[in-house]
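Order of appearance sets the numbers: ligands from 1, and atoms from 1 within every ligand. Remember, predicted model here, so these are calculated numbers, not experimental data.
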Amino acid sequence: MKNKIILITGASSGIGYATATRFAAEGARLILCGRRKEKLELLKQELGGYHQFLIFDVRDKKAVFKAINNLPEAFKKIDLLINNAGNAHGLDPVHKADLDDWDTMIDANVKGLMYVTKAVLPGMVALKKGHIINLGSIAGKEVYPNGNVYCSSKAAVDFFTQGLRIDLNPLGIRVGAIHPGLVETEFSNVRFKGDEKRSKRVYEGIQALTADEVADALLYMAKVPEKVNVADLILLPTGQANAYINNRIK
Ligand code: 8X3
């Protein structure tokens, strides 16, 4: 990974943060993107000025293209794009769900991921070289109760990944996705709007994955020889059978 240029969205927390520190330790030159300036500042202090830091919200189409199009020359040839930004908002039946939550999930998890990809692609297409890894979810493989729109957004990531892989196949650009199950990060806290008790219950009695474990899997996907493509990787804690069956130890 030495000197590889890697763009990571949602880099300031959770899986994105763990991935940034893992790849930095491998000597990669990172373009770390996030919405929160203060969080990115902390990351900058930790990882140093060797990397680029871009503040934008993936939902803001203009901001996405402006930030990526204006990267300094030395960071323009992106080797690997890790589309990590995205979240769950709410866990309610369709008839009770909040429309704003739906907009946020579709705009960030689906449209935002597509904008970033579209902005990064011209460089890869010109060089006929590159690698894209999307963060899907077990929630995009199977639906769980009240997951409705979050699951739909991750199913869209799965299908967009497959479409990209087909379209970019003649160009030799690798495209894959990783689909984690339960990972203990701020994920549930965001989903439940700061309700700590409810968030904790999601991981009760089960050894959830850590963000570092997902980062390790991403590193594996990035490190395999160029002729190998880890196209679709489902990563679950052993205690999880699928999107909704967990062996919780009481
Ligand atoms: C996160 C996995 O099962 O909590 O995307 O929805 S799950």
Worksheet item: Any idea which atoms of ligand 1 are less than 4.0 Å away from a heavy-atom of Y150?
Response: 1 (C), 5 (O), 6 (O)
Fill in: Heavy-atom nearest option to atom 1 (C) of ligand 1, drawn from S188, A139, G140, S137
S137
Practice prompt. Would you mind listing which atoms of ligand 1 come within a distance below 4.0 Å of any non-hydrogen atom of Y144?
Written response: 3 (O), 6 (O), 7 (S)
Worksheet item: Which atoms of ligand 1 are found less than 4.0 Å from any heavy atom of I138?
Response: 3 (O)
Worksheet item: Salt bridge between D101 and K193, side-chain N to carboxylate O under 4.0 Å?
Response: yes
Worksheet item: Do M124 and L81 have side chains that get closer than 4.5 Å, going by heavy atoms?
Response: yes
Item to complete: May I ask you to decide whether D232 forms a salt bridge with R165, counting only side-chain N to carboxylate O separations under 4.0 Å?
Response: no
Discussion item. With nothing but distance in play, are any N or O atoms of R191 less than 3.5 Å from an N or O of ligand 1?
Written reply: no
Fill in: Closest approach of any protein heavy atom to atom 4 (O) of ligand 1, naming residue and atom
F187 CE2, 3.5 Å
Practice prompt. Indicate yes or no: at least one non-hydrogen side-chain atom of F23 is less than 4.5 angstrom from one of L218.
Written response: yes
Discussion item. Just so I know, are the side chains of H179 and T161 near enough to count as touching, which here means a heavy-atom distance under 4.5 Å?
Written reply: no
